[in-house]
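On a predicted model such as this, the values are computed, not experimentally measured, just so you know. FYI, side chains are in, hydrogens and waters are out, and symmetry mates aren't considered; it's all heavy atoms of this structure. We name chains A, B, ... by the order of the sequence lines, and we start the count at 1 in each one.
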There are 2 protein chains.
Amino acid sequence: MAAVDSTILTERQVEVLELREQGYTQQEVAEKIGTTDSNVSAVERAATKNVEKAKRTLRLVDTLSASVTFEVPAGTHFGDMIEMVYSHGDTCDIKIAYCRPELYSYLYEPLEKYSAGNKIRRNVEIGLTHDGDVRVFPGEVNDAISGFDETRQ
Amino acid sequence: MAAVDSTILTERQVEVLELREQGYTQQEVAEKIGTTDSNVSAVERAATKNVEKAKRTLRLVDTLSASVTFEVPAGTHFGDMIEMVYSHGDTCDIKIAYCRPELYSYLYEPLEKYSAGNKIRRNVEIGLTHDGDVRVFPGEVNDAISGFDETRQ
DNA sequence: GGTGATTCAAACAAAACTCTTTGAGATAAA
DNA sequence: TTTATCTCAAAGAGTTTTGTTTGAATCACC
């Protein structure tokens with residue numbers, strides 16, 4: 001079995017991920033490792049959640065390590081957020097490396113799933129690097145402002 | 001403060017990372033958040049460890065998601081490991097996308113710090129993708145085989 | 001030598017997470 | 001309908017992690 005040292009995955013989680021990756025169904029995996037399909041499902045879900053956490057962690061650190069950071073509150077319009085990027089850039093003598101249309105799609109991509117009606121439904125942390133790059137971290141939900149029920153499908 | 005939702009960093013850890021990133025010393029951060037410099041050091045270390053864990057997690061998942069995976073035991077010579085890559089590729093009808101010298105430096109880069117005397121000091125998980133790419137995950141220490149004291153500087 | 005910045009180990013309580021079981025549903029195909 | 005596959009919530013016991021304190025140590029620099 002693959003090593004899990006200094007990883008946020010447990011041995012059990014890697015065990016399940018490996019077998020699932022090889023094409024076995026949850027029931028087959030359950031038999032192989034001696035437990036129930038329901039348990040395999042739970043472990044697999046925990047593993048997936050951990051992988052998502054790892055991705056978000058690196059994105060957050062990447063954003064925080066920019067020389068300027070600021071937070072955009074949930075409910076902000078996309079256009080306003082873009083203005084905030086440029087004005088913070090001006091204030092800190094950073095020339096943003098994107099023109100307005102570029103920045104729009106650059107920001108829209110990672111935020112698409114947290115947006116609706118041209119508004120962002122989450123607090124967003126934005127970082128500006130020395131050389132004008134823009135980094136984004138979609139943060140926690142803020143239903144009070146956005147007026148959306150995140151849990152609904 | 002930046003959101004830490006669905007992240008493996010705690011609020012405290014992000015708090016410290018943010019202030020440290022802004023250039024404050026550990027003592028200054030300690031005063032700001034009302035604790036000791038020694039504590040700030042500990043929290044910062046935990047945060048760094050978590051970031052490393054996140055990186056290793058993604059590398060492991062990347063390796064595991066390859067269509068063929070196998071493990072190279074600690075103590076293996078670099079040359080033997082490279083032969084293993086090609087022979088597994090042959091077995092599974094995967095044409096490795098690197099020639100021998102390329103593969104050598106490609107594998108040496110991520111494994112350099114775990115190597116000595118042309119041997120690897122750790123178990124290494126290797127994944128081969130459908131299109132011949134090679135992925136590497138340096139695993140747990142195995143001092144019994146490698147005969148090295150990892151803790152020594 | 002002294003000083004500022006940082007690191008480290010040990011210990012502890014509180015908090016978070018893990019795997020598991022149980023029992024119930026959801027979905028889609030035969 | 002039956003079957004296979006997968007999901008979900010709640011609850012429990014066990015393990016791990018976290019933040020913290022204390023006291024000592026390291027390192028670079030004046």
Side-chain angles (χ1 to χ4, degrees), chain A residues 1-58 60-61 64-65 139-141 149-153, chain B residues 1-58 60-61 64-65 139-141 149-153:
Chain A
M1 216 253 300
V4 296
D5 267 32
S6 298
T7 275
I8 60 175
L9 298 176
T10 65
E11 296 214 354
R12 201 56 154 173
Q13 287 169 9
V14 173
E15 208 176 358
V16 168
L17 282 188
E18 270 185 322
L19 292 170
R20 290 283 287 159
E21 201 71 48
Q22 289 165 26
Y24 295 103
T25 68
Q26 289 182 342
Q27 280 178 354
E28 287 168 334
V29 173
E31 281 171 26
K32 272 179 193 284
I33 69 177
T35 183
T36 64
D37 58 340
S38 166
N39 185 25
V40 170
S41 173
V43 172
E44 190 175 342
R45 186 163 9 124
T48 306
K49 185 178 142 203
N50 276 341
V51 174
E52 276 313 302
K53 274 192 177 182
K55 285 182 188 165
R56 279 178 60 83
T57 300
L58 294 190
L60 173 58
V61 171
L64 289 185
S65 70
E140 58 201 9
V141 199
D149 183 355
E150 186 97 8
T151 63
R152 206 181 296 153
Q153 274 293 21
Chain B
M1 214 253 301
V4 296
D5 267 32
S6 298
T7 274
I8 60 175
L9 298 176
T10 65
E11 295 215 352
R12 201 55 154 174
Q13 288 169 8
V14 173
E15 207 176 358
V16 168
L17 281 188
E18 270 185 322
L19 292 169
R20 290 282 288 157
E21 202 71 49
Q22 290 165 25
Y24 295 104
T25 68
Q26 290 183 341
Q27 282 177 354
E28 287 168 333
V29 173
E31 282 172 24
K32 274 182 191 284
I33 68 177
T35 182
T36 64
D37 56 343
S38 169
N39 185 24
V40 170
S41 173
V43 172
E44 191 175 342
R45 186 158 14 116
T48 306
K49 185 179 146 205
N50 277 340
V51 174
E52 276 312 302
K53 274 191 176 183
K55 285 183 188 165
R56 280 177 59 82
T57 300
L58 294 190
L60 173 56
V61 170
L64 288 186
S65 71
E140 59 201 8
V141 198
D149 184 353
E150 185 97 6
T151 63
R152 205 182 297 154
Q153 273 294 18

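- Across all strands shown, Ser41(A) has heavy atoms under 4.0 Å from base atoms, whether or not it also approaches the sugar-phosphate.
- Applying the 4.0 Å criterion to OP1 and OP2 of dT7(D), one finds that Arg45(A) has every side-chain N and O outside that range.
- Glu44(B) places its CD atom 16 Å from the C1' atom of dT18(D), with the value rounded to the nearest Å.
- Rounded to whole Å, the distance from CG on Asp37(B) to C1' on dA25(D) is 13 Å.
- Nearest heavy atoms, Glu44(A) versus Gln26(A): OE1-NE2, 3.1 Å.
- The nearest heavy atom of DNA chain D to Thr35(B) and to Lys53(B) marks one nucleotide each, and the one closer to the 5' end goes with Lys53(B).
- Note: NZ (Lys49(A)) to P (dA9(D)) measures 12 Å, nearest angstrom.
- The nearest whole Å value for the distance from the CD atom in Glu52(B) to the C1' atom in dT17(D) is 18 Å.
- For DNA chain C, the span of nucleotides reached by chain B at under 4.0 Å from its heavy atoms goes, 5' to 3', from dA5(C) to dC8(C).
- Look at Gln27(A) and you'll find a side-chain N or O under 4.0 angstrom from OP1 or OP2 of dT5(D).
- Summarising the geometry, the separation between CG on Asn39(B) and P on dG19(D) is reported as 8 Å, rounded to the nearest angstrom.
- Counting distance only, with no hydrogens placed and no angle test, the side-chain atoms of Ser38(B) and the base atoms of dG23(D) include a donor-acceptor pair under 3.5 Å.
- Of the charged side-chain nitrogens involved, none lies within less than 4.0 Å of a carboxylate oxygen, so that Glu52(B) and Lys49(B) do not count as a salt-bridged pair.
- Between dG19(D) and Gln13(B), a contact under 4.0 Å exists linking OP1 or OP2 to a side-chain N or O.
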